[in-house]
Trainee: 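This is the structure, below, for whatever I ask next.
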Amino acid sequence: MNYLNWINLGSVGVFGMILSAEFCDIVWTQRKKLAMAVSMAVLLMFQGILYFLVDPDIVEIIYPLITHLPLTVVLCVLSRRWLWPTISVLTAYLCCQMRRWLALLTVTIFSGGPAMQNVAELVITVPMLLFLLWFVAPSVRSVSHFTVSVQWQFGLVPALYYGFDYLTRIYTDLLIEGGPVVVEFMPFVCSVAYLVFVFRTSEAERIRSRLEQIQDSMNQQITQAVREIGALRKSEQKTRTYRHDLRHHMQYLSQCIENGRLEQAQEYIQEICSDIEANKVTTFCQNEAANLIFSSFAGRIRERGIALRIRAKIPQDIPVSENDLCVLLSNALENALHACEKRIKRGLSGGIDVLAYEKKGRFFLQLTNSCDGDVAFEHGIPVTDHPGHGIGVRSICAIVERYGGIYSFLVEEQRFILRVSI
């Protein structure tokens, strides 16, 4: 074995070990860097001794045992994981084949021999290593944070190529003999991997699009709820202003009566009563946000001839943020209102009953409304095929799950019941 071949073997060993380490998601402290450097030096030294003492063909056969396996063990110890370090080594081996193929292409173009191949591989080594470290390694490392199933999928192609390369090129001559099944195996693997990639990418995009739609809807609902709260706060402020100005109103009425202008006084009283009634905010509970939402929906519900009963004992401080509470109550009441409206249009009665309270640091809500009884459920959650509907239910579920609470939906005797505990 000539010196050029020796140098080339050493360079590919360093190339693969550095890539394996960079592909592996490890926080590189000084101690770990030193351990990795020592491990690389020991492995390279051991390879050199074996190449010097043993037939190079035998070393090539046992190369996985004297290089890849120990390297994987070192990375497993440093990262305290086993799956991703294995995938990192296999992926680095796959990248080594890029280096070899480019060198073979150069030899083919210039009709060179083994010496040219060694030189070409040495020339390509550093630029390719830097390219992979700067542009590829960060993306590869990011996959280590995905689910185990995604990691398995990512590592499948490198693993299959690793086995294919050793079985058909090192341990046998099947690849050189050119059997159709052998030659077409890796193209088949690449085709399958591509189709799986397309499927998973499409599925991920569909899920992302759905989540974005839900998020946009929730943001709109929050904006609407905040807008309603602002309007209701202004109304409440107006009512307070009327109370504050009550003394002035009484003085004006007193003057009207003293001067015998009774009709003018009566008209003024009616005007004041109308203004106060229009800006009335009924007190349902101590929690300002909940009280304003209840007041906002109470008027809409009663205007449509729907019976409403609200029993709420909600203090100001509860384990739910104001925005989430607004979205939760607004969606629940909006869905109940729509269900009752359908019955009212058909000449049937409709009613909504709300029970909400806080106990021992938890918030409880039960909302019961009239319904037709033909509600479809999927995994315990009501679903609908009408465009634009069903988002409110998903918003409720998302809020409850975010707080680690529980929810339930059921229909009993044409009554839809929502229960929430946060």
Side-chain angles (χ1 to χ4, degrees), residues 214 217-218 220-229 231-232 235 277-278 280-285 287 289-314 320 324-357 363-378 380-400 406-422:
I214 294 174
S217 174
M218 291 183 67
Q220 292 174 3
Q221 292 169 355
I222 290 174
T223 302
Q224 179 63 27
V226 171
R227 189 182 296 115
E228 289 181 0
I229 288 177
L232 289 169
S235 299
E277 188 65 25
K280 178 182 178 182
V281 177
T282 306
T283 301
F284 292 97
C285 61
N287 187 279
N291 195 63
L292 293 172
I293 294 297
F294 286 143
S295 296
S296 175
F297 275 90
R300 293 170 55 190
I301 292 171
R302 287 167 177 156
E303 283 176 2
R304 290 161 174 78
I306 302 171
L308 175 64
R309 181 187 183 192
I310 297 178
R311 294 166 292 165
K313 294 183 179 180
I314 311 175
V320 184
D324 288 339
L325 180 63
C326 290
V327 174
L328 179 65
L329 294 177
S330 296
N331 279 306
L333 288 167
E334 191 75 38
N335 291 341
L337 176 58
H338 288 162
C340 290
E341 283 180 331
K342 292 180 181 179
R343 293 177 57 85
I344 296 295
K345 289 179 180 179
R346 298 203 310 272
L348 302 176
S349 62
I352 299 175
D353 184 86
V354 180
L355 174 63
Y357 60 93
F363 172 69
F364 298 90
L365 170 67
Q366 176 176 293
L367 191 148
T368 306
N369 62 267
S370 305
C371 69
D372 293 333
D374 58 348
V375 181
F377 285 85
E378 186 175 301
I381 298 176
V383 294
T384 177
D385 55 359
H386 296 292
H389 293 270
I391 297 177
V393 171
R394 292 198 296 269
S395 298
I396 293 172
C397 296
I399 291 174
V400 176
I406 56 176
Y407 55 80
S408 67
F409 305 89
L410 68 151
V411 175
E412 291 181 352
E413 299 178 353
Q414 293 189 327
R415 294 184 308 149
F416 184 88
I417 304 174
L418 163 66
R419 292 191 180 100
V420 169
S421 173
I422 301 177

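Throughout, numbering of the chain's residues begins at 1 and tracks the sequence.
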Trainee: Is there a side-chain contact between Phe363 and Leu328 (heavy atoms, below 4.5 Å)?
Mentor: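 Side-chain contact under 4.5 Å: yes.
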Trainee: Going by the rule ring-ring contact (aromatic ring centres under 6.0 Å, His included), which residues pair with Tyr357 if we only count those two or more places apart in sequence or in a different chain?
Mentor: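 Residues passing ring-ring contact (aromatic ring centres under 6.0 Å, His included) with Tyr357: Phe364.
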Trainee: What pair of heavy atoms forms the shortest contact from Phe409 to Gly380, and how long is it?
Mentor: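 Looks like CD1-O, 3.7 Å.
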Trainee: Which heavy atom of Ala290 sits nearest a heavy atom of Cys285, and at what distance?
Mentor: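 Smallest interatomic distance, heavy atoms only, reads CB-SG, 3.9 Å.
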Trainee: Sequence neighbours excluded, which residues qualify as side chain to side chain donor-acceptor pair (under 3.5 Å) partners of Arg346?
Mentor: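 Scan of Arg346 (side chain to side chain donor-acceptor pair (under 3.5 Å), adjacent residues dropped) gives Asp372.
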Trainee: Using the test side chain to side chain donor-acceptor pair (under 3.5 Å), find all partners of Asn335 that sit at least two apart in sequence or belong to another chain.
Mentor: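 Asn335 satisfies side chain to side chain donor-acceptor pair (under 3.5 Å) with no residue once adjacent residues are dropped.
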Trainee: What is the minimum heavy-atom distance between Ala339 and Ser370, and which atoms define it?
Mentor: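 Closest heavy-atom pair between Ala339 and Ser370: CB-O, 3.7 Å.
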Trainee: Using 0.5 Å steps for rounding, measure from the NZ atom of Lys342 to the SG atom of Cys371.
Mentor: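 Separation between the atoms: 10.0 Å.
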Trainee: Any side-chain heavy-atom pair from Asp353 and Arg311 closer than 4.5 angstrom?
Mentor: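 Result yes, sub-4.5 Å side-chain heavy-atom pair found.
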Trainee: Atom CD1 in Ile310, atom CZ in Phe294: separation rounded to 0.5 Å?
Mentor: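 With rounding to 0.5 Å, CD1 (Ile310) is 5.5 Å from CZ (Phe294).
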Trainee: Kindly give the heavy-atom pair with the smallest separation between Ser330 and Ile293, and that separation in Å.
Mentor: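 Shortest heavy-atom contact: OG-CD1, 3.6 Å.
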Trainee: Decide yes or no for Val393 and Tyr407: does some side-chain heavy atom of the first lie under 4.5 Å from some side-chain heavy atom of the second?
Mentor: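 Side chain of Val393 against side chain of Tyr407, heavy atoms only: no contact under 4.5 Å found.
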Trainee: Determine all donor-acceptor pairs shorter than 3.5 Å in which one atom belongs to a side chain in residues 411-422; sequence neighbours excluded.
Mentor:
{"from": "Arg419", "atom 1": "NE", "to": "Gln366", "atom 2": "OE1", "distance (Å)": "2.8"}
{"from": "Ser421", "atom 1": "OG", "to": "Arg362", "atom 2": "NE", "distance (Å)": "3.3"}
{"from": "Ser421", "atom 1": "OG", "to": "Arg362", "atom 2": "NH2", "distance (Å)": "3.2"}

Trainee: Do Glu334 and Phe297 touch side chain to side chain, with heavy atoms closer than 4.5 Å?
Mentor: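 SC-SC contact between Glu334 and Phe297 confirmed.
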Trainee: By side chain to side chain contact (heavy atoms under 4.5 Å, CB included), which residues pair with Arg304, not counting sequence neighbours?
Mentor: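 Applying side chain to side chain contact (heavy atoms under 4.5 Å, CB included) to Arg304 gives Arg300, Ile306, Leu337, Glu341.
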Trainee: Going by heavy atoms in the side chains, are Leu325 and Asn287 under 4.5 Å from each other?
Mentor: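 They are in side-chain contact.
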Trainee: Please name all residues satisfying side chain to side chain contact (heavy atoms under 4.5 Å, CB included) with Ala336, sequence neighbours left out, ordered by chain then number.
Mentor: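 Per chain and number, Ala336 pairs via side chain to side chain contact (heavy atoms under 4.5 Å, CB included) with Ile352, Leu367, Asn369.
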Trainee: May I ask you to test the Leu348-Ile344 pair for a side-chain heavy-atom distance under 4.5 Å?
Mentor: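 Side-chain contact under 4.5 Å: no.
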